[in-house]
> 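First the structure, which I've put down as structure tokens, then a few questions once you've had a look.
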Amino acid sequence: MQQLLEQARAAGIAGEVPVAAAIVHAATGEVIATASNRTESDYDPTAHAELLAIREACRKLGSTRLPECDLVVTLEPCALCAAAISFARIRKLVFGAYDPKGGAVEHGPRWFSQPTCHHAPEVVGGVNETEAAALLREFFKEKRG
């Protein structure tokens with residue numbers, strides 16, 4: 001998570017919302033893919049860190065499913081990302097800061113608890129929460145002037 005927070009900090013400096021994600025092979029601990037938000041630089045509202053990391057990991061592994069992989073991300077995923085996590089059959093989700101406004105795991109639609117959700121990963125929230133939340137608060141404080 002510490003490395004992801006550094007990657008998220010770099011994304012914030014580049015003008016992106018400071019969020020970073022990694023796909024990790026659960027059995028070996030190998031990091032298969034990492035990404036940070038690129039919605040601004042890619043002019044793509046779907047270029048969230050989680051989606052970019054999932055896409056890269058799927059390409060590398062030659063599969064649309066990642067059942068032996070975990071996703072680590074610095075912020076509670078939104079509904080878009082929660083759906084992708086479910087469709088990719090991610091084994092475990094680990095996230096840093098909670099997101100009461102835009103999160104969809106512990107907040108909002110609570111995607112993995114819905115009857116239409118095809119797969120719910122194990123979820124661990126609040127890892128390095130204080131540092132992850134502070135990074136986001138500082139970014140938005142500077143943005144708003």
Side-chain angles (χ1 to χ4, degrees), residues 1-61 66-114 116-145:
M1 182 65 81
Q2 226 26 69
Q3 291 173 334
L4 288 178
L5 288 167
E6 289 306 314
Q7 189 173 347
R9 189 170 283 108
I13 292 167
E16 300 285 352
V17 174
V19 177
I23 299 289
V24 180
H25 190 275
T28 66
E30 176 192 359
V31 176
I32 297 167
T34 64
S36 56
N37 277 359
R38 292 198 319 249
T39 59
E40 299 298 323
S41 62
D42 288 3
Y43 302 104
D44 180 356
T46 70
H48 294 197
E50 300 96 320
L51 293 181
L52 296 171
I54 288 169
R55 289 174 188 156
E56 183 181 338
C58 286
R59 274 193 301 276
K60 282 184 177 178
L61 297 177
L66 303 169
E68 297 176 358
C69 295
D70 299 339
L71 172 67
V72 182
V73 62
T74 58
L75 179 65
E76 177 183 352
C78 69
L80 174 71
C81 294
I85 291 163
S86 178
F87 288 130
R89 305 299 196 266
I90 299 287
R91 185 187 80 95
K92 182 178 185 179
L93 165 64
V94 177
F95 68 85
Y98 289 89
D99 187 356
K101 185 175 179 182
V105 177
E106 300 290 335
H107 298 89
R110 300 176 194 259
W111 182 265
F112 302 127
S113 300
Q114 298 303 315
T116 54
C117 179
H118 298 281
H119 166 78
E122 177 185 343
V123 176
V124 177
V127 176
N128 289 79
E129 177 185 7
T130 303
E131 188 175 352
L135 180 62
L136 287 155
R137 270 193 309 276
E138 185 62 30
F139 174 81
F140 286 111
K141 180 181 174 185
E142 288 178 21
K143 269 286 210 219
R144 293 179 184 126

> Just verifying a value: how many Å separate C69 SG and I54 CD1, rounded to the nearest 0.5 Å?
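It is 10.0 Å, given to the nearest 0.5 Å.
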> Between K60 (side chain) and I32 (backbone), is there a donor-acceptor pair under 3.5 Å?
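Pair found, side chain donor or acceptor close to backbone of I32.
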> When rounded to the nearest 0.5 angstrom, what distance separates NZ in K143 from CZ in F139?
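That separation rounds to 4.5 Å.
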> At their closest point, which heavy atom of V73 faces which heavy atom of A21, and how far apart are they?
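For V73 versus A21, the nearest heavy atoms are CG2-CB, 3.9 Å.
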> Look only at the side chain of Q114 and the backbone of P109, and say whether a donor-acceptor pair between them is shorter than 3.5 Å.
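Side chain of Q114 to backbone of P109: a pair is present.
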> Within this structure, what is the CG-CG distance for the pair D99 and L136, rounded to the nearest 0.5 Å?
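Result: 8.0 Å between the selected atoms.
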> Less than 4.0 Å between a side-chain N and a carboxylate O, is that true for E131 and R9?
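Answer for the salt bridge query: yes.
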> When I23 is tested against each of V31, D70, I90 for side chain to side chain contact (heavy atoms under 4.5 Å, CB included), which residue passes?
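That would be I90; it is the only one of V31, D70, I90 passing the side chain to side chain contact (heavy atoms under 4.5 Å, CB included) with I23.
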> Counting only heavy atoms from other residues, nucleotides and ligands, does the tally under 6.0 Å from CD of Q3 exceed 12?
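No, not enclosed.
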> Return the minimal non-hydrogen interatomic distance between A35 and A53, and the atom names on each side.
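So the minimum-distance heavy-atom pair works out to CB-N, 3.8 Å.
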> Would you compute the distance between atom CD of E122 and atom CG of L93 and round it to the nearest 0.5 angstrom?
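If we round to the nearest 0.5 Å, E122:CD and L93:CG are 9.5 Å apart.
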> Check the orientation of H118 and F87. Use parallel for under 30°, tilted for 30 to 60°, and perpendicular for over 60°.
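H118 and F87: tilted rings.
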> If you round to the nearest 0.5 Å, how far is CZ of R38 from CD of E16?
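CZ of R38 is found 8.5 Å from CD of E16.
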> Do you know which two heavy atoms are closest between T74 and M1, and how far apart they sit?
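Closest heavy-atom pair between T74 and M1: CG2-SD, 4.0 Å.
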> What distance separates H119 NE2 from I85 CD1, expressed to the nearest 0.5 Å?
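H119 atom NE2 to I85 atom CD1 measures 9.5 Å (nearest 0.5 Å).
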> Flag the pair H48 / N37 as yes when at least one side-chain heavy-atom distance between them is below 4.5 Å, and no otherwise.
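Counting from C-beta outward, H48 and N37 do come under 4.5 Å.
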> Could you walk me through whether V105 and Y98 satisfy the side chain to side chain contact (heavy atoms under 4.5 Å, CB included) test, starting with their C-alpha distance in whole Å, then the side-chain angles of each, then the deciding distance to 0.1 Å, before giving a yes or no?
CA-CA 9 Å; V105 177; Y98 289 89; over 6 Å; no
> Using a cut-off of 6.0 Å, state whether more than 12 heavy atoms not belonging to E68 lie near its atom CD.
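Counting neighbours around CD of E68, 12 or fewer heavy atoms of other residues, nucleotides or ligands fall under 6.0 Å, so no.
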> Heavy-atom distance under 4.5 Å between the side chains of L66 and L61, does that happen here?
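L66 vs L61: side chains touch.
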> Taking all non-hydrogen atoms of both residues, which atom of E106 and which atom of R110 are closest, and how far apart?
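Closest heavy-atom pair between E106 and R110: O-NH1, 2.8 Å.
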> Looking at P18 and A11, what are the two nearest heavy atoms and their distance?
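Taking P18 first and A11 second, the nearest heavy atoms are CA-CB, 4.5 Å.
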> Within the structure provided, determine whether L51 and C81 are in side-chain contact (heavy-atom separation under 4.5 Å).
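With C-beta onward as the side chain, the pair touches.
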> Return the minimal non-hydrogen interatomic distance between Q7 and A20, and the atom names on each side.
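Closest approach of Q7 to A20, heavy atoms only: CB-CB, 3.9 Å.
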